[in-house]
Amino acid sequence: MTTLVLVESPSKARKIAAYLGQGYQVRASLGHVRDLPAKKEDVPARYAKEPWARLGVDVAHGFRPLYVIPKAKAGVVKELRQAAERAGRVILATDGDREGESIAWHLAQLLGLKDPERMVFHEITPDAIRQAVAHTRPLDYRLVGAAETRRVLDRLSGYGASPLLWDAIGPGLSAGRVQSAALALLAQREHARLNFVAAAFWRVTARIGQPTFTAAVTHVNGQALATPKDFGPDGTVNPGVLLMTPEQAEKLVAFLKARPAAVQSVEATPFSTRPPAPFTTSTLQQAASIQLKLAPKQTMDEAQRLYEGGFITYMRTDSPGLSDEATRAARAAAQAAHGPDSVPERPRTYAPKTSTAQEAHEAIRPTGRAFRTPAETGLAGTQADLYDLIYRRTVASQMTDLRGTRTQVTLAVGRVTLGASGRVITDPGFTRAYQDEEPDPDEQALPPIQAGEMHDVRDASAERRTTPAPRRYSEASLVRALERQGVGRPSTFASILSTLATRGYTTVRQRQLVVTWLGLLVTQYLGRSAPDLVDPAFTAKMEADLDRIAEGQLTRLECLTGTWTDSLDPTFRRAPRDAPTLALPKLPGVVVGVRGGQPTLFGDGRLATLPPDLLPEDLTPELAQALLAGERVPARSRRTPKADVPKGKRQRKARGEPHTPRTPRRSKG
DNA sequence: CAGTGAGCGAGCTTCCGCTTGACTT
């Protein structure tokens, strides 16, 4: 009789099968095999009439979940059942994390396993697999309970809050613990930009000495010159600093040009920088975004192909750790390419930065006891670029520190103080293999210089600068922000972004994530009606609860009762069903609200549907007035909620109008 | 009389996390 070993991924199954050899059959579940019904038609007939059928969770009876086999998984389950019948023994070898334990339990249920045998391994080497097979354990039902609690909570909160949005804003909208927290981050940043008032200041620099270097004026008559950090987001300046007029700046330049500079002090401090850790899913997405200009989705698609081709380890991971074998391979690769001294004596080890990490997998790295160099892989195109990035990052992670000296020079021209900073690299260390970003081009190497010296001022100039608005998130930087807060998982980072886009909450402009009016309105509504969902702390609290469930200090029922029955449910019940409105400081006299499911501009007793491609930042007061005056207003005749619309406007028929709402009208509840 | 349009009511939408490959565009 053979032993059936069940894993999640088919690639993993092939590899393990090769290591286990005869007597073992290894099959893949392709992820979860059962789930709560997504919609009513997935609910079996005998439960369809139940009041909880829409949720798939019988809240009144201990939050009992109803599990069904999704259509897409029917074939897999059938095959696994047949394989299990033929096998003498079944070992559940799904991933060693919370969801993996849950999948193992579902499989045990579906296959009717009496005493389910569980094995877990964290690296795929012959040794690790043999060890794991020899040391199976029973299922961890507490961990399974934690996973189920997570699932039920996400269902109840998501399916509880989304209908509020249908009533208040429009049909088909969605809210959830992860997507709404992500959207709130974007909305917060967008509001910061909308409220931001830029301020101008002067930066005065001089070219000094031979060879020349650049120094910037820091003080005049002992008073500090305004720099960006002296300004508030409303454009006000810290009263203690000097904000020069153009005339003053010009005078200062003329003053500098006429006199030599005295070196007051030279401070040199050595520095060293450690290499970045091997890639996790989020850091890979971040680096591929910056260096290869890939969107997270593209990165994951290419990485999936590299994984299936056997070039890299699993690409959905939160662990930056390398196995001993991989550590040795990385060190060997570094030494082969950069010399025996390119690695420190002791291997480096890496641990995850976030406490929510589950660490079921290794870091993303080249496979094998000896890494194939990018040239040896025979890969081409984007796949080759991504492999190269992963290869270099992995090798660099075992190399020596970058070392150098930072020098800070203070100079004086009369009562004007200038500062110059420079950086000299004494040992490039790991940067020979990998660098996160291009080195700063402004970075200068200062010539040898001593306190007390006098140097000629060769030139001076003043440059008008403005304070920068808070930067928008890129897709990858949003993922990084979410991961830091413990929101979302490696397997979902890319899909969170696509959910936000599909709902019309965000668009991507020049590789930046931009929130739409709809996204702002949804966040505004949720902030009042479901504040937990826009708060990353909600996930943090949930994770803490789940850990306690896994450790047996909290029951599933206590957690769900406390979170749902005593908190979320009453909040949702009390939630207002009327549409949110946004008042914007730079748009006095107008308000953005909702009419017929569409973001709409209200003002002056008139209204206008906002064109869907008009982003919040692009709505100027002039444009708002033009829209309200009826220009480019899609005047599709539809019942108006309460705003009084001039009859003529409502009857203006639009032909071939570009902004026809795609969603059907729904009556207000 | 036929065609059109307004109005009504019923039914639907939705979560997160795990995995590929089958679909379009």
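These values consider heavy atoms only, across backbone and side chains, with no hydrogens, waters or symmetry-generated copies. Numbered from 1 within each chain, the chains take letters A, B, ... in sequence-line order.
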Return a table of donor-acceptor pairs under 3.5 angstrom between the side chains of residues 487-498 of chain A and protein atoms on other chains or two or more places apart.
unit_1: R489(A); atom_1: NH1; unit_2: D318(A); atom_2: OD2; d: 3.1
unit_1: R489(A); atom_1: NH2; unit_2: D318(A); atom_2: OD2; d: 3.1
unit_1: T492(A); atom_1: OG1; unit_2: R489(A); atom_2: N; d: 3.0
unit_1: T492(A); atom_1: OG1; unit_2: R489(A); atom_2: O; d: 2.9
unit_1: S495(A); atom_1: OG; unit_2: T492(A); atom_2: O; d: 3.0
unit_1: S498(A); atom_1: OG; unit_2: S495(A); atom_2: O; d: 3.3

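- Base pairing in DNA chain B yields no stem of at least 3 consecutive Watson-Crick or G-U pairs with both distances under 3.5 Å.
- Pairing each heavy atom of T609(A) with each of R595(A), the nearest pair is OG1-NH2, 3.3 Å.
- The phosphate of dT13(B) has OP1 or OP2 within less than 4.0 Å of a side-chain N or O from K39(A).
- Residue pairs that meet the salt bridge (charged side-chain N to carboxylate O under 4.0 Å, His left out) test with at least one member in residues 73-84 of chain A, sequence neighbours left out, are R27(A)-E79(A).
- Taking the ring centre of W105(A) as origin, the terminal cationic atom of R34(A) falls inside the region bounded by 6.0 Å and 45° from the ring axis.
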Exercise. Reading nucleotides 15-25 of chain B 5' to 3', which nucleotides get B (base under 4.0 Å from a protein heavy atom), which S (sugar-phosphate only), which -?
Worked result: BBBBBSS----
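- Remark: D301(A) engages K297(A) in a side chain to side chain contact (heavy atoms under 4.5 Å, CB included) (not counting sequence neighbours).
- Stacking here means ring centres nearer than 5.5 Å and ring planes tilted less than 30 degrees, and by that measure W166(A) stacks onto dT13(B).
- Using a 30° and 60° split on the angle between ring planes, Y314(A) and H361(A) fall in the tilted class, from 30° to 60°.
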Distance-only criterion, 3.5 Å: show the donor-acceptor pairs between side-chain atoms of residues 54-70 of chain A and protein atoms not counting sequence neighbours.
unit_1: R54(A); atom_1: NH1; unit_2: Y159(A); atom_2: O; d: 3.3
unit_1: R54(A); atom_1: NH2; unit_2: Y159(A); atom_2: O; d: 3.1
unit_1: D58(A); atom_1: OD1; unit_2: H61(A); atom_2: ND1; d: 3.3
unit_1: D58(A); atom_1: OD2; unit_2: W52(A); atom_2: NE1; d: 3.4
unit_1: D58(A); atom_1: OD2; unit_2: H61(A); atom_2: ND1; d: 2.9
unit_1: Y67(A); atom_1: OH; unit_2: E148(A); atom_2: OE1; d: 2.7

For this session: Could you give me the CA-CA distance, side-chain angles and deciding distance for R98(A) and E543(A), then say whether salt bridge (Lys or Arg N to Asp or Glu O under 4.0 Å) is met?
Result: CA-CA 11 Å; R98(A) 200 162 60 210; E543(A) 288 289 345; 3.0 Å; yes
